[in-house]
Amino acid sequence: AMRWYRKAADLREALAIYNIGFLCEQGQGVPQSYAEAMRWYRKAADLSQPNAINNIGLLYTKGQGVPQSYAEAMRWYRKAADLGEPVAMYNIGVLYGKGQGVARDYQEALLWYRQSARLGNSAAMNNIGAYYENGLGVLPNLAQAIYWYSKAANLGDQTAKINLIHMGTALLEELLEFATQNSESK
């Protein structure tokens, strides 16, 4: 695969350049190297390749091949989000939700998660569900939590499926407790 990606990269094909960076980052068919991944991602970013721009942000978030910097990660995520990259929108939400490089702001995180979810990102849908379940930036709303977890689960999101199971178990326990209390008072 690398041989064909390099031929396409020689023609300035942005997706091929991104794929070379990804192979370098993962160590697939080439020695694993974050620095080399960053070099290829930057080349693809110069061609406005949104996945590469997002992955540069990820490398800064994790401090892989570059000094760790949430502020620099946010800068790259915003560039990718401006190009419509849903994973970058999700990553911006994560930074706001955790207060990494920015002041913690659950409502701002929700705005970014919603944008990402509109583009089909199941992880964003799951996080929206968690925000509704736990009342982060919104009033707690179990119906909305179930709705968002279900949307994510229907797209195959395993975390959302687990969250639905936990919610179901908690609701059953509450119903049993309620039923027990009511039957004892009669």
Side-chain angles (χ1 to χ4, degrees), residues 22 25 41 45 48-64 66-183 185:
F22 185 79
E25 181 181 356
Y41 286 154
S48 299
Q49 209 296 324
N51 303 94
I53 296 168
N54 178 69
N55 283 19
I56 291 171
L58 284 170
L59 291 175
Y60 276 107
T61 295
K62 298 174 184 176
Q64 295 175 322
V66 293
Q68 194 281 327
S69 170
Y70 294 123
E72 193 64 14
M74 178 67 85
R75 190 172 77 79
W76 286 98
Y77 292 149
R78 285 190 183 273
K79 284 182 179 186
D82 288 345
L83 294 171
E85 170 51 50
V87 176
M89 295 169 192
Y90 168 83
N91 289 333
I92 292 170
V94 170
L95 292 181
Y96 275 110
K98 292 182 176 180
Q100 295 175 320
V102 293
R104 177 175 279 164
D105 186 335
Y106 294 127
Q107 290 177 339
E108 187 70 16
L110 263 173
L111 290 174
W112 286 101
Y113 289 146
R114 287 183 192 281
Q115 285 185 46
S116 182
R118 271 189 227 106
L119 296 172
N121 185 298
S122 66
M125 293 172 193
N126 177 70
N127 283 16
I128 294 169
Y131 275 45
Y132 274 110
E133 181 181 3
N134 298 296
L136 302 174
V138 292
L139 292 174
N141 184 325
L142 296 183
Q144 280 293 308
I146 291 168
Y147 170 79
W148 285 103
Y149 286 150
S150 295
K151 280 186 72 121
N154 287 336
L155 292 173
D157 190 289
Q158 296 302 311
T159 304
K161 290 176 183 179
I162 292 167
N163 287 337
L164 280 170
I165 291 168
H166 287 303
M167 280 193 74
T169 302
L171 290 172
L172 281 175
E173 288 172 356
E174 286 181 36
L175 283 171
L176 285 172
E177 184 178 323
F178 178 78
T180 303
Q181 289 173 353
N182 284 338
S183 67
S185 63

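Side-chain N/O atoms of E133 and Y149 include a donor and acceptor closer than 3.5 Å.
In this structure a side-chain-to-backbone donor-acceptor pair under 3.5 Å is present from T61 to G57. Here the side chain of N55 pairs no donor or acceptor atom with the backbone of L58 at under 3.5 angstrom.
Taking CG of N126 as the start and OG of S150 as the end, the distance is 11.0 Å to the nearest 0.5 Å.
Between Q49 and I53, every side-chain heavy-atom pair lies at or beyond the 4.5 Å cut-off. Within the 4.5 Å cutoff, no side-chain heavy atoms of L142 are placed close to those of Y132.
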Please output the side-chain donor-acceptor pairs of residues 117-125 that fall under 3.5 Å, not counting sequence neighbours, one pair per line with the distance.
residue	atom	partner	partner atom	Å
N121	OD1	A123	N	3.0
N121	OD1	A124	N	2.8
S122	OG	D157	OD2	3.2

Considering only distance and modelled atom types, tabulate donor-acceptor pairs under 3.5 Å from the side chains of residues 164-175, sequence neighbours left out.
residue	atom	partner	partner atom	Å
T169	OG1	I165	O	2.9

For residues 80-91, tabulate all N or O donor-acceptor pairs below 3.5 Å that involve a side-chain atom, not counting sequence neighbours.
residue	atom	partner	partner atom	Å
E85	OE1	N51	ND2	3.4
E85	OE2	V87	N	2.9
N91	ND2	N54	OD1	2.9
N91	ND2	V87	O	3.3

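Summarising the geometry of S48 relative to P50, their closest heavy-atom pair is O-CD, 3.2 Å, with the distance given to 0.1 Å. Nearest heavy-atom pair across A109 and G97 is CB-N, 3.6 Å.
Judged as a side-chain contact (heavy atoms from CB on, under 4.5 Å), and not counting sequence neighbours, the contacts of D105 are Y96, Q107, E108. Every residue meeting the ring-ring contact (aromatic ring centres under 6.0 Å, His included) condition with Y106, not counting sequence neighbours, appears here in chain and number order: Y131. K62 is linked by a side-chain contact (heavy atoms from CB on, under 4.5 Å) to Q64, counting only residues two or more places apart in sequence or in another chain. When the side-chain hydrogen bond (donor to acceptor under 3.5 Å, both in side chains) test is applied to Q100, the partners found at least two apart in sequence or on another chain are Y70. Among residues two or more places apart in sequence or in another chain, the side-chain hydrogen bond (donor to acceptor under 3.5 Å, both in side chains) test is passed with E72 by R75, W76. With sequence neighbours left out, the side-chain hydrogen bond (donor to acceptor under 3.5 Å, both in side chains) criterion links Y113 to N127.
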